[in-house]
Amino acid sequence: MYKAPRGTTDILPADQPYWRYVLDAAERLCRRYGYQRIDTPLFEDAGLFNRSIGAGTDIVEKETYSFDDRSGDRITLKPESTAAVCRAYLEHGMHALAQPVKLYYISPSFRYERPQAGRYRQFHQWGFEAIGESDPTVDAEAVSLAWDLYKEVGITGLTVLLNSIGDAACRPGYIQALVAYYRDHVNEVCGDCKVRLEKNPLRLLDCKVPQDQPIIAAAPKTSEYLCDPCKAHFAATRSYLDALGVPYTIEHKLVRGLDYYTRTVFEVVPLEKTGQQTAVGAGGRYDGLIEALDGKPTPGIGFAAGIERIVLNLKAQGVAVPNPNQPQVYIAHQGGDPARQQAVRLSQRLRDADVNTWLGFGDRSLKAQLRHANNMGVTYTVMIGENEVQTREVLLKTMATGADEHIMLEQAAFRIAHKLTGGV
Ligand code: ATP
Ligand code: MG
């Protein structure tokens, strides 16, 4: 028997209410913050990601799904969406629109990773990008929108980590200081960090090996090397976050290894660092990215959250989510074709009145149908037997109390719909 490919999951009906709940919240918040939805293809030219995410990163070197299509074009399934959204911004001349252009997406992403809880090979991201504005209020608003999602869905025990990694003017000075510091400690660091020191020194601060932690803790901090404009931008961002009431902790270790990342970086993480700390979302400013994709210099900032990780948190915290697909009314019938005819007609009227209706099928006894209705958790069961056919009534049973009453068939759909929306 076939199984779903390793690292992929089926989102079964029982899980769908969690997804609906999270995505509804995400879209509602995006509306409030003035973001418009964009959908980009599942695959792009491989070059787009090589150029934007960059050779030398885990994503591009170890995690992409890339292949040559039948005409020999090199294709990559998107491992994230920022590059694709920036490509669309350039391709559709969005620089001509009022800036910033605020776009959000909900999209599958593909990374060849070692699957484990919250880490898959096909996963989904909700994310957003504000392109074309460098004002620090945009940074604060981005952190605030990211934070609001977790608040809106009711996940607790999270916080925002925040840092500034400077820009092209001040980061070289910082990296120089970092490298000089690490050269003095090169015999104390792990093997990977010896390589990072030569290849991508900023990533030294990402190291998870315990022996390296004291060295990281005492390393020079990006904040001490910011140039005046970056310092002012960081201070302003923090002051607006305070005004917005978003809680955050400055985390000096928080960096991004790529040149086009500038200034603000942030992550949403659990407060309790149980085991390996896993971010539920990450974002940052990328003032160099559009230029790296051959556009005119254009600032931008974005964020992405893994929806699977949000759903895992909702379940772990026992957050109750509504199920819009829950059947509300079960129509049970017994008494041959006349009863069935009435049941079928009533089902249509209920559905026209926007009631989730389950019509009993086959020739099962009323008792068996009632049991089925009970298992489904419907609010009401309508029973139509020979008597009801005669009197043109239905028997309406309120499942929670067991109370039942006869109502006129003609009025049944209206009455039931009214009761379901809180009427008496
Ligand atoms: P991690 O350090 O956990 O690998 P990352 O830095 O690679 O994360 P980003 O590229 O910043 O992650 O992606 C943003 C978010 O997407 C992450 O915070 C996470 O919630 C989610 N995410 C990333 N990779 C996966 C994956 N393989 N499976 C599920 N969710 C993921
Ligand atoms: Mg990763």
Side-chain angles (χ1 to χ4, degrees), residues 4-11 15 18-19 22-23 26 49 52-54 56-65 76-86 104-129 142-143 145-147 149-150 153 155 157-163 165 192 196 200 202-203 205-209 251 253-258 260-261 264-270 273-286 289 300-316:
R6 194 165 137 75
T8 67
T9 48
D10 297 311
I11 308 169
D15 271 338
Y18 289 96
W19 283 71
V22 173
L23 297 181
F49 300 111
S52 60
I53 302 172
T57 59
D58 281 357
I59 293 184
V60 163
E61 292 209 327
K62 303 186 210 150
E63 296 178 357
T64 50
Y65 281 88
T76 296
L77 302 186
K78 61 179 160 184
E80 51 105 60
S81 292
T82 301
V85 172
C86 289
Y104 79 93
Y105 56 83
I106 293 162
S107 170
S109 307
F110 304 87
R111 296 184 192 180
Y112 188 79
E113 302 213 53
R114 204 164 59 79
Q116 49 193 290
R119 189 174 298 285
Y120 310 99
R121 290 179 175 176
Q122 177 177 338
F123 61 102
H124 297 76
Q125 287 182 325
W126 164 68
F128 57 85
E129 319 289 345
V143 178
L145 170 51
W147 177 249
L149 179 74
Y150 305 96
V153 299
I155 297 175
L158 298 175
T159 190
V160 175
L161 302 182
L162 182 74
N163 197 17
I165 56 171
D192 280 350
R196 288 185 186 118
N200 193 345
L202 269 185
R203 293 288 304 272
L205 302 173
D206 264 349
C207 177
K208 303 285 187 291
V209 176
E251 173 54 89
K253 286 188 295 192
L254 194 61
V255 289
R256 296 277 182 274
L258 304 172
Y260 65 77
Y261 279 114
T264 309
V265 288
F266 63 105
E267 282 186 359
V268 182
V269 298
K273 295 179 185 169
T274 40
Q276 184 114 334
Q277 169 185 309
T278 42
V280 289
R285 184 165 270 292
Y286 47 77
L289 176 54
I301 182 168
F303 173 81
I307 299 167
E308 284 82 356
R309 288 189 195 176
I310 297 175
V311 169
L312 280 175
N313 273 280
L314 287 172
K315 289 183 177 176

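When reading the values below, keep in mind they use all heavy atoms of this one structure, side chains included, and skip hydrogens, waters and symmetry mates. Just so you know, ligand 1 is whichever comes first in the structure, and atom 1 is the first atom listed for that ligand.
- Partners of Phe266 by ring-ring contact (aromatic ring centres under 6.0 Å, His included), not counting sequence neighbours, listed by chain and number: Phe303.
- Under 3.5 Å, the side chains of Glu129 and Tyr104 contain no donor-acceptor pair of N or O atoms.
- Listed by first and then second residue, the salt bridge (Lys or Arg N to Asp or Glu O under 4.0 Å) pairs involving residues 113-126 are Glu113-Arg119 (not counting sequence neighbours).
- Judged as a salt bridge (charged side-chain N to carboxylate O under 4.0 Å, His left out), and not counting sequence neighbours, Asp192 has no contacts.
- Protein neighbours of ligand 1 below 4.0 Å, counting non-hydrogen atoms: Arg111, Glu113, Gly118, Arg119, Tyr120, Phe123, Gln125, Ala279, Val280, Gly281, Ala282, Ala304, Gly306, Arg309.
- Residues Asp15 and Lys315 are in side-chain contact: their nearest non-hydrogen atoms beyond the backbone lie under 4.5 Å apart.
- Two residues are said to be in side-chain contact when any heavy atoms from C-beta on lie closer than 4.5 Å; Leu77 and Thr64 fail this criterion.
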